[in-house]
4 protein chains.
Amino acid sequence: MTASPDPIQAQLIAARRKQILEAAVKVFAEKGFHQTTIKDIAREAGIAQGTIYNYFENKTALMLGIFDSMNETDRREESFTELASGDVREFMKAYLRHRLTLLRADNFEVFKVVLSEVMVNKELRELFQRNILEPTFAIAETYVQQWAAQHIARSVDLSLTMRAVSGMVLGLIVEYLIGDQVLQTKWDELPDFLTDFILDGLGVK
Amino acid sequence: MTASPDPIQAQLIAARRKQILEAAVKVFAEKGFHQTTIKDIAREAGIAQGTIYNYFENKTALMLGIFDSMNETDRREESFTELASGDVREFMKAYLRHRLTLLRADNFEVFKVVLSEVMVNKELRELFQRNILEPTFAIAETYVQQWAAQHIARSVDLSLTMRAVSGMVLGLIVEYLIGDQVLQTKWDELPDFLTDFILDGLGVK
Amino acid sequence: MTASPDPIQAQLIAARRKQILEAAVKVFAEKGFHQTTIKDIAREAGIAQGTIYNYFENKTALMLGIFDSMNETDRREESFTELASGDVREFMKAYLRHRLTLLRADNFEVFKVVLSEVMVNKELRELFQRNILEPTFAIAETYVQQWAAQHIARSVDLSLTMRAVSGMVLGLIVEYLIGDQVLQTKWDELPDFLTDFILDGLGVK
Amino acid sequence: MTASPDPIQAQLIAARRKQILEAAVKVFAEKGFHQTTIKDIAREAGIAQGTIYNYFENKTALMLGIFDSMNETDRREESFTELASGDVREFMKAYLRHRLTLLRADNFEVFKVVLSEVMVNKELRELFQRNILEPTFAIAETYVQQWAAQHIARSVDLSLTMRAVSGMVLGLIVEYLIGDQVLQTKWDELPDFLTDFILDGLGVK
DNA sequence: TATGAATGAGCATTCATTCAT
DNA sequence: CATGAATGAATGCTCATTCAT
């Protein structure tokens, strides 16, 4: 009747949700959202099809669940911003290493599914906008502002700068995921390379 | 029976294919690949469902057809490289203006569909790799090499540079398509802004 | 694009719809609406499941289609009212014979399904009300009024009388359908019996 | 193990059964048998789904339980036959008032569900026949026979008469339930009206 | 006994594809 | 070639029923 206040129940529910979401991520990443059947996910999770519907209203809700978990992951990892210590170059490197290298293992696969679906599904797109992109940029903005004041000489449009840098990271991940050989080979060089690129530019004659 | 040598026939066939592909692009862009039915496309093209199967083997072949037309478009537009005139800054601006502004109208929508599907469908991904990405980078590489020799002071990894720049463009388009308000507002400032960003970097103190 | 004006097409469509509806009526009558699957109907009609959906939006629409055909049947048969010739007793007998005997063969089965579902499904109930019951009573009322003026001595509430008589017919059909042995045996005596009952009453001492 | 001889246990069981049946009747009446889920009933009864299966073998058994309770109700109320006092007209009025007015509140709704399902489900139909209709008619018959001998002048087929009268009551209830406006407005006039109708007929000129 | 999570058979519906006209 | 009706495999989702706690 009332929202079950039983903490053990709640834990069980959370665990089962997690189990299902992890299975979903795995299969989605392999076959894509639309090619994946509920049966696939159930099999991967080792449960019955119907059980999934005890925890998620429908297939789309699984996607939303993945969003949420991305959100949490993000929030937990945002702590890396404390790196904002001293050296500009070191900080940039750390940021890029985090985004590009550390997250590669699990999250790139999630990323693939989410991005693919978000581009094409309006409802998801708006949720993604509101729940992930906007907050991320908003938090980043205030932080970057201080940072820029200390470290950047000429005045730049910060919101565009942020988008250029994050866009570059995003675009490189996409190219990586699409299968670009060069990127897959030299991926670990990126943090160093990009740091120079971003801070110094190409340096034309 | 034999490969139709009739040039008029060939033209008719090409025209019908084009008609169907344009309809497909339009509907795919609106609803995404999987949400779009053959009936939708037939309706948009003003023909019967069955007719589509006289020109394309199946739904996936429509996607491949779109690839091909992207390819042609690209090749035709690659002529812009002749701009490689003199001034570095002007050239970069022209390149970005081309990629970001001129192509925005029609192609972003195609882009959305193609990218979404490519991320998730292995067969398409490999085709995209082979037919679009690799040739594009290959052609670009030789050209950029000469360009760099003339204009860039310090030695850089060109293949990574190309990917950084194209990735940035790609990522920004994705962010634009996902609905980022800032980008949609300031989109026309990008060529100028990015030119400075790419050539000079952030210019840290 | 426009409503197909092709008369041959229209006939084919009407024929197929009829074929499907007849199959539906048959299976519904045997197993009831909810126990009947689309597959059952398709099998009975000798077509594929999907074909049904080319002619009816969904399972409920089959029910509505049955309504419509009842309507048409009714309208065609209402001509019997011309019997309103002279003799009261003969007329009443003819009416009852029509309702109870002539319609028994096919329509009782339809009736069973429709009534069962109408009692329980609000949407259908309202449609049934509006499209079948109300028009039937409305038409009958004007007619009965004249008839009553000529033949009935004491003044009675006509609308209640009509409902009493039609209700009696309805109730007897229901009892018949539910399996009452006595009614099934003596069904053919009903027109005569009811005529006396309605016109003369029980005739208490 | 053994048939629980514990009278307190038995009371508890009976109470729980009653609680469940009442919930079932309520929800069935609102949504119909097939639209109602066990979960609905459990929620209405304020118990868990599984508990229902401790008292009823399956969903159909709930329907049978409702039959039984109708039976008991009927038997208890049959005592009204004692009214069979003197005046024919008064008796008839009392009978109709009982059937039509007194039972209206709760029982019509039950009636709706039961009838709907009985028309369509063979197993239930036979049970209804055997357990409700036949006994009712059988009991009534002996009684009506005496009554008729005293009060009815001309000889009539009593079994048909009984069915005509009960059919009329049944049919009117159905019309009422289907939503006939006239009946819903004038329902309370029915006992008087029908008494005259049944005893005197229409009285044709 | 009471619970409610887990189950999986069952079903309505969709849609890519075929093919007779 | 064009058509669009017919097809039926495939799938998301529901819900009666079971059973471990």
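Chain A is the first sequence line, chain B the second, and so forth, proteins listed ahead of strands; every chain is numbered from 1.
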(request) Give the minimum heavy-atom separation between Val120(A) and Ser116(B), together with the two atoms involved. (result) CG2-OG, 3.5 Å
(message) Let me spell it out: for each of Thr51(A) and Glu57(C), pick the nucleotide of DNA chain E with the closest heavy atom. Which residue's pick is nearer the 5' end?
(response) Thr51(A)
(request) In whole angstrom, give the distance that lies between atom CD1 of Ile38(B) and atom C1' of dA2(F). (result) 16 Å
(request) Look at atom NZ of Lys31(D) and say whether more than 12 heavy atoms of other residues, nucleotides or ligands are closer to it than 6.0 Å. (result) yes
(message) Return whichever of Gly50(B) or Asn58(C) has its heavy-atom-nearest nucleotide of DNA chain E closer to the 5' end.
(response) Asn58(C)
(request) Return the value, rounded to whole Å, for the distance between atom CD1 of Ile41(A) and atom C1' of dT11(F). (result) 12 Å
(request) Would you give the length of the straight line joining atom CD1 of Ile52(D) to atom CZ of Arg16(D), rounded to the nearest 0.5 angstrom? (result) 10.5 Å
(message) Working to the nearest 0.5 angstrom, can you tell me the gap between Arg125(A) CZ and Ile178(B) CD1?
(response) 8.5 Å
(message) If I take atom NZ in residue Lys39(C) and atom C1' in nucleotide dA10(F), what distance separates them, rounded to the nearest angstrom?
(response) 12 Å
(request) Can you tell me which stems involve DNA chain F, if a stem is defined as three or more consecutive Watson-Crick or G-U wobble pairs, both distances under 3.5 Å? (result) E:2-21 with F:2-21
(request) Would you name the heavy atoms of Gly179(C) and Gln129(D) that are closest together and state the gap between them? (result) C-NE2, 3.4 Å
(message) Once rounded to the nearest 0.5 Å, what's the spacing between atom CZ of Phe111(A) and atom CD1 of Ile66(A)?
(response) 13.5 Å
(request) Rounded off to whole Å, could you give me the NZ-to-C1' distance for the Lys59(A) and dC13(F) pair? (result) 12 Å
(message) With heavy atoms of chain A within less than 4.0 Å as the criterion, where does contact along DNA chain E begin and end?
(response) dA5(E) to dG8(E)
(request) Using whole Å, report how far CD of Gln49(A) lies from P of dT14(F). (result) 13 Å
(request) Report the distance from atom CE of Met63(A) to atom P of dG12(F), rounded to the nearest whole Å. (result) 14 Å
(request) Using a heavy-atom cut-off of under 4.0 Å over every strand shown, decide if Thr36(B) touches base, sugar-phosphate, or nothing. (result) sugar-phosphate
(message) Under 3.5 Å, is there a donor on one side chain and an acceptor on the other for Asn54(C) and Thr51(C)?
(response) no
(message) Does Lys112(A), at its NZ atom, have more than 12 non-hydrogen atoms belonging to other residues, nucleotides or ligands within less than 6.0 Å?
(response) yes
(request) Mind calculating the distance between OH (Tyr53(B)) and C1' (dT7(F)) to the nearest angstrom? (result) 13 Å
(request) Quick one: which residue pairs count as a ring-ring contact (aromatic ring centres under 6.0 Å, His included) with a foot in residues 7-32 of chain A, not counting sequence neighbours? (result) Phe28(A)-Phe33(A)
(request) Report which part of the nucleic acid Ile47(C) touches: base, sugar-phosphate, or nothing (heavy-atom distance under 4.0 Å, all strands). (result) sugar-phosphate
(request) Could you check how far OH of Tyr55(A) sits from C1' of dC13(F), rounded to whole Å? (result) 17 Å
(request) Could you tell me whether Phe56(D) contacts a base, only the sugar-phosphate backbone, or nothing, with contacts defined as non-hydrogen atoms closer than 4.0 Å? (result) nothing
(message) Judged by each residue's nearest nucleotide on DNA chain F, which is more toward the 5′ side, Thr60(D) or Ile52(C)?
(response) Ile52(C)
